[in-house]
Amino acid sequence: MVLIITHSKDNDGHFSGAICQYFEETVRKTNPLEINYLRWSYGDKDPSIQELNGYERIYILDLTLSPQIMEFLAMGYQGGVVWIDHHKANYEKLPDYIHNRIPGTRSDEKAACVLTWDWWLNFLDPDKARDLLGFNQRVADAFPALELDESVLYNTDPAWVNNRVFYPLWLYL
């Protein structure tokens, strides 16, 4: 069983969870019925340690849980944990040993959904990533029918130009 904990108050958390589920299903071949979600926001009650122990993998996306839970996940949890957050004021409050023991990405330079996408792409060799992400061309082909401005496809932002094949257009936008 897999638990995806996402920030419940904005689309960044929802997109991060959807990206994680997509890769769990397509790359790790996880049965969708074995993926559970916990929508969480600052001020909500933390999940219990007993509840967390029932999962093989936990993803914490677009948020940082309480110091007590993060310490448990870093030091006592027996499954795999991935923690991706871009809320610097929250993740910087935790000691380095927690950051060092939980893989993932903590950076305020990109949205959490982009950080989640990047984290997953690190598992794939470039050819596999291109095969998996071939839907970019299908999105581009649909632009005339949607009467959208095709100039977005020719953005000159170096981050987009250099990585165009690796990011779905909707995520970049």
Side-chain angles (χ1 to χ4, degrees), residues 1-125 128-129 132-133 135 159 163 166-173:
M1 294 288 289
V2 173
L3 177 63
I4 300 173
I5 304 172
T6 63
H7 193 269
S8 65
K9 301 295 185 193
D10 61 29
N11 283 335
D12 197 14
H14 298 308
F15 289 162
S16 298
I19 290 165
C20 194
Q21 180 169 346
Y22 170 76
F23 279 106
E24 268 291 328
E25 291 176 15
T26 58
V27 174
R28 291 202 172 159
K29 306 299 185 205
T30 302
N31 180 335
L33 298 175
E34 294 180 359
I35 299 173
N36 291 331
Y37 276 90
L38 172 63
R39 309 290 188 196
W40 187 91
S41 186
Y42 297 99
D44 291 352
K45 182 181 174 187
D46 278 338
S48 71
I49 288 174
Q50 294 77 18
E51 179 183 2
L52 297 176
N53 270 328
Y55 292 95
E56 181 182 338
R57 281 185 303 285
I58 296 175
Y59 297 92
I60 303 165
L61 307 173
D62 192 29
L63 58 91
T64 297
L65 295 168
S66 71
Q68 295 80 12
I69 294 295
M70 297 305 289
E71 180 167 2
F72 164 72
L73 292 171
M75 305 302 287
Y77 180 67
Q78 299 302 308
V81 181
V82 175
W83 169 33
I84 297 172
D85 195 6
H86 69 132
H87 299 108
K88 188 174 186 176
N90 295 318
Y91 65 73
E92 278 195 337
K93 292 178 185 176
L94 297 177
D96 286 344
Y97 73 88
I98 292 177
H99 288 268
N100 295 337
R101 302 240 0 196
I102 302 178
T105 304
R106 271 75 68 189
S107 172
D108 64 343
E109 294 179 10
K110 297 178 181 176
C113 59
V114 174
L115 294 174
T116 302
W117 189 265
D118 286 344
W119 188 85
W120 275 101
L121 287 185
N122 286 329
F123 282 106
L124 306 174
D125 64 62
K128 174 69 175 166
L132 193 62
L133 306 177
F135 55 80
N163 295 300
F166 294 108
Y167 289 98
L169 189 60
W170 59 268
L171 181 59
Y172 175 75
L173 295 175

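- Between Ile35 and Leu3, the closest side-chain pair of non-hydrogen atoms is not below 4.5 Å.
- Judged purely by distance below 3.5 Å, without hydrogens or angles, the side chains of Ser16 and Asp62 never pair a donor atom with an acceptor atom.
- Counting only heavy atoms from C-beta outward, the side chains of Ile5 and Leu61 never approach each other to under 4.5 Å.
- Residues passing the side chain to side chain donor-acceptor pair (under 3.5 Å) test with Ser41: none are found, sequence neighbours excluded.
- Ring geometry, Trp120 versus Tyr59: the interplanar angle falls from 30° to 60°, so the pair is classed tilted.
- Heavy-atom minimum distance, Phe72 versus Asn53: CZ-OD1, 3.4 Å.
- One finds the OG1 atom of Thr64 at 3.5 Å from the CG atom of Asp85 (value rounded to the nearest 0.5 Å).
- Among residue pairs with one or both ends in residues 23-45, those qualifying as salt bridge (Lys or Arg N to Asp or Glu O under 4.0 Å) are Glu24-Arg28, Glu24-Arg57; sequence neighbours excluded.
- Between Asp12 and His86 there is a side-chain heavy-atom pair separated by less than 4.5 Å.
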Exercise. Yes or no on side chain to side chain contact (heavy atoms under 4.5 Å, CB included) for Ile58 and Tyr77, after CA distance, side-chain angles and deciding distance?
Worked result: CA-CA 10 Å; Ile58 296 175; Tyr77 180 67; 3.6 Å; yes
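- The closest side-chain heavy-atom distance from Leu121 to Phe23 is below 4.5 Å.
- Within the model, atoms CG of Leu33 and CE of Met1 stand 9.0 Å from one another, a figure rounded to the nearest 0.5 Å.
- For the pair Ile4/Asn36, no side-chain contact is recorded, criterion being any heavy-atom separation below 4.5 Å from C-beta on.
- Among residues at least two apart or in separate chains, ring pair (Phe, Tyr, Trp, His ring centres under 6.0 Å) pairs with a member in residues 26-45 are His7-Tyr42, Trp40-Tyr42.
- Of all heavy-atom pairs spanning Met70 and Ile102, the tightest one is O-CD1, 3.8 Å.
- Checking each of Thr116, Leu115, Asn122 against Thr105 for a side-chain contact (heavy atoms from CB on, under 4.5 Å) leaves exactly one that passes, namely Leu115.
- Checked by atom type and distance alone, the side chain of Arg101 never pairs as donor or acceptor with a backbone atom of Glu71 at under 3.5 Å.
- Here the side chain of Trp83 pairs a donor or acceptor atom with the backbone of Leu63 at under 3.5 angstrom.
- Distance CG/Leu94 to CG/Asn100: 11.5 Å, rounded to 0.5 Å.
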For this session: Apply side chain to side chain contact (heavy atoms under 4.5 Å, CB included) to the pair Trp117 and Phe15, showing each step before the final yes or no.
Result: CA-CA 10 Å; Trp117 189 265; Phe15 289 162; over 6 Å; no
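- Minimum heavy-atom separation, Ile69 to Pro47: CD1-O, 3.4 Å.
- A donor and an acceptor atom, one from each side chain of Tyr91 and Asp108, are nowhere located under 3.5 Å apart.
- Atom NZ of Lys110 sits about 11.5 Å away from atom CD1 of Ile84, to the nearest 0.5 Å.
- Atom NZ of Lys9 and atom NE2 of His14 lie 9.0 Å apart (nearest 0.5 Å).
- A donor-acceptor contact shorter than 3.5 Å is absent between the side chain of Thr6 and the backbone of Ser8.
- At distances below 3.5 Å, at least one donor-acceptor pair connects side-chain atoms of Asp10 with backbone N or O atoms of Gly13.
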